[in-house]
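Small disclaimer: the values here were computed from a predicted structure and weren't measured.
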Amino acid sequence: MFGLLINDKEVKEMEYLIKREMDEILFDLKDERIDHIVKRAMEERYKILFALFKRVASPQECFKYMRRGKRDRKKG
């Protein structure tokens with residue numbers, strides 16, 4: 001296990017960067033031209049990013065990025 005000591009400004013920067021990356025993945029997951037194998041890898045990356053995001057973001061922000069059910073996922 002690793003520890004990380006960061007200040008509030010760095011937390012906000014991390015939150016911003018992770019949100020941008022997750023937004024990009026969510027946008028790309030809706031693209032029907034992308035192969036389902038690639039989408040599966042993107043979903044795995046999203047899970048990792050969301051786990052990091054939960055550590056720095058408020059619960060209200062986390063709810064905005066939670067994926068649930070078939071509404072958020074399309075088969076590729």
Side-chain angles (χ1 to χ4, degrees):
M1 179 180 265
F2 292 102
L4 181 66
L5 185 61
I6 54 177
N7 62 32
D8 288 336
K9 186 176 179 181
E10 292 166 334
V11 168
K12 292 296 179 190
E13 184 67 24
M14 283 182 63
E15 185 178 334
Y16 172 76
L17 292 171
I18 294 170
K19 282 169 65 173
R20 283 197 54 194
E21 185 67 23
M22 289 192 306
D23 284 336
E24 191 69 32
I25 290 172
L26 290 174
F27 178 77
D28 288 342
L29 284 173
K30 295 175 185 175
D31 191 344
E32 295 178 7
R33 298 172 294 174
I34 297 175
D35 190 44
H36 72 283
I37 295 170
V38 175
K39 285 186 178 183
R40 197 171 338 150
M42 292 166 59
E43 287 177 353
E44 286 299 315
R45 179 172 171 83
Y46 188 89
K47 288 178 187 177
I48 293 168
L49 288 169
F50 186 72
L52 288 171
F53 186 65
K54 288 190 301 187
R55 295 172 186 246
V56 296
S58 68
Q60 293 82 12
E61 283 294 313
C62 291
F63 284 131
K64 294 177 186 177
Y65 287 91
M66 279 182 153
R67 299 190 69 211
R68 42 197 169 299
K70 293 181 181 179
R71 183 178 65 96
D72 292 336
R73 295 184 183 114
K74 283 187 175 179
K75 288 193 174 187

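Counting only distance, with no hydrogens or angles, the side chain of E21 and the backbone of I18 share no donor-acceptor pair below 3.5 Å. For K39 (side chain) and D31 (main-chain N/O), a donor-acceptor pair under 3.5 Å exists by modelled atom type.
Annotation for V11 and I6: closest pair CG2-CD1, 3.5 Å, computed over non-hydrogen atoms. L5 approaches E10 most closely through the heavy-atom pair O-OE1, 4.5 Å. When all heavy atoms of C62 and K54 are compared, the pair lying nearest together is SG-CA, 3.8 Å.
Distance check: N7 CG to E13 CD gives 11.0 Å after rounding to the nearest 0.5 Å. Once rounded to the nearest 0.5 Å, the distance linking NZ of K30 with CG of D28 reads 10.5 Å.
Cluster annotation: L4 is not connected to I48 through the hydrophobic network of ILVMFWY side chains, with a link wherever side-chain heavy atoms come within less than 4.5 Å. Both M66 and M22 sit in one connected hydrophobic cluster of ILVMFWY residues. Membership requires side-chain heavy atoms under 4.5 Å apart, directly or through other members. Residues L29 and F50 are members of one and the same hydrophobic cluster, defined by side-chain heavy-atom contacts under 4.5 angstrom among Ile, Leu, Val, Met, Phe, Trp and Tyr. Hydrophobic cluster membership differs between M14 and F53, with clusters built from Ile, Leu, Val, Met, Phe, Trp and Tyr side chains linked at under 4.5 angstrom. Taking hydrophobic clusters as Ile, Leu, Val, Met, Phe, Trp and Tyr residues chained together by side-chain heavy-atom distances below 4.5 Å, I25 shares a cluster with I34.
Contact check for L26 versus R67: side-chain heavy atoms found under the 4.5 Å cut-off. Looking at R40 and I37, their side chains come closer than 4.5 Å, going by heavy atoms from C-beta outward.
We find that E61 and K64 are joined by a salt bridge, their nearest charged nitrogen and carboxylate oxygen being less than 4.0 Å apart.
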